[in-house]
There are 2 protein chains.
Amino acid sequence: MNPTVSKTSRSTVRVVIAEDQGMVLGALAALLEIEGDISVIARARNGKEAVQAVLHHKPDVFITDIEMPEMTGLEAAAEIKRQRCATRVIILTTFARAGYLRRALDAGASGYLLKDMRAEELAEAVRRVHRGLRVVDPELAAEAWSEPDPLTDRERQVLRLAGEGMSSGDIATNLGLSEGTVRNYLSEAISKLGAANRVEAARIARTKGWL
Amino acid sequence: MNPTVSKTSRSTVRVVIAEDQGMVLGALAALLEIEGDISVIARARNGKEAVQAVLHHKPDVFITDIEMPEMTGLEAAAEIKRQRCATRVIILTTFARAGYLRRALDAGASGYLLKDMRAEELAEAVRRVHRGLRVVDPELAAEAWSEPDPLTDRERQVLRLAGEGMSSGDIATNLGLSEGTVRNYLSEAISKLGAANRVEAARIARTKGWL
DNA sequence: AGAATCCGGTGACAAATGTCATCCGCTTGG
DNA sequence: CCAAGCGGATGACATTTGTCACCGGATTCT
């Protein structure tokens, strides 16, 4: 509409990327650098580094993986928003899990992309998000809101440990509960998820992103 | 030494890449394209496509992920070697699993890289492999040869299904065995892996790449 | 203050799981 | 030919798991 606005929207978009796999991190940076209007000003290999980099550089857009050491991408996103930083966040992950998406949006993310989308969509998403738009797969969004996480915190903890191969007794010791109580929680979780046993229950919860 | 040899060794290295995650595939291609001496002549999103592309283009180097739909990268590598194709193979994966590395080398791969290595190492590895050298992390290699897979085929099958949450009965029906036999195999696998139960056993086997 | 919940816990019981010793039929190698 | 092995099956047993009904204290709602 007017020259000054045009100047802003035409200038390069400044980006920070966080991703724990070095190869993928470098490759994504290369992919974005090819675009003339996007510039990668910092890279991070875990959530903590990412938060520092973002708070320091105040980029236009922050792209982050979810599963990283030290601090997850979701936690990093939440922290950045809590610090009232204007940077917009794009979550870039392997997992089409409703629970992740929901937590991402709760954490104030503007975009949620899957790594198996076409490579060209990344740069496009960066531009759209920079313009203030949201970028979320509509199908996944629908699923995220239709299926709320049915597990209580205790059920989640217990199920997570059970999925790692711990026995009810081990879990009880680990959480300071009695073994019977652990079995009760497990039983509840199994029935809520429509599973036949603890292993299947853990598998279902994982694929839904309910951990 | 002499102009014609120099011409060959200085010309660009022709590469085919296979990787099921579109973003990562595009990004890796971008990463390699910025190197002046490497050219990505084809991309594939599963093992079958990859084999066709390699047999058709006869590239100098074939870079492939392992876990892909249709056909795994390891199977693709084996198939290519079986067809007596001179293309050298680099496996590029997330997993530092001894079993994977061993199968990769058995399949005739020249390199085994982890995605969490530094991005610059990829181009370097491509050049080394093209020169006829091998590129394998020495530490991982040592582990691969010191720890042979202790599981029999049956134990592996049974353990895989158990890890998905099936009951002994289900597994028995699925494999046409009796339930008791399934429990015997499971018990054997558990003791061989030093686990306390089927879930832990499956976890251990998975992290070792014994599936 | 009383009722309704929530969080943990108990006890009991059926079913599934893990472990062993043993057995059968079939190669395979002396 | 016969012994040794191997894949698979049985039966029996102790342990773990999954389910349920029910108890007690603390919180919350009214």
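Side chains included, hydrogens not; waters and symmetry mates left out as well; all remaining heavy atoms used. Convention: sequence-line order gives letters A, B, ...; per-chain numbering from 1.
- Ranking D/dG8, D/dC13, D/dT17 by closeness to the A/R183 side chain, first place goes to D/dT17.
- Among the protein residues, A/T181 comes within range of the nucleic acid bases, having at least one heavy atom under 4.0 Å from a base atom.
- A salt bridge links A/D37 to A/R127: one of the charged nitrogens lies within less than 4.0 Å of a carboxylate oxygen.
- By the 4.0 Å N-to-carboxylate-O rule, A/R183 lies close enough to A/E179 to be salt-bridged with it.
- Within 6.0 Å of CZ in B/R128 there are 12 or fewer heavy atoms belonging to other residues, nucleotides or ligands.
- B/D65 and B/K115 are joined by a salt bridge, as a carboxylate oxygen and a charged side-chain nitrogen come within less than 4.0 angstrom of each other.
- A straight line from CD of B/E188 to P of D/dG7 spans 11 Å, rounded to a whole angstrom.
- Of all nucleotides in DNA chain C, those with any atom nearer than 4.0 Å to a heavy atom of chain A start and finish, going 5' to 3', at C/dC7 to C/dA12.
- Under 4.0 Å is where a charged nitrogen must lie from a carboxylate oxygen, and between B/K208 and B/D149 no such pair does.
- Distance alone, capped at 3.5 Å, places no donor-acceptor pair between the A/R203 side chain and the A/A195 backbone.
- Contact of B/N184 with D/dT10 (side chain to base): a donor-acceptor pair of N or O atoms is detected under 3.5 Å.
- Within the 4.0 Å cut-off from OP1 or OP2 of D/dT19, at least one side-chain nitrogen or oxygen of A/S187 is found.
- The CG atom of A/L161 sits 17 Å away from the C1' atom of D/dT16 (whole-angstrom rounding).
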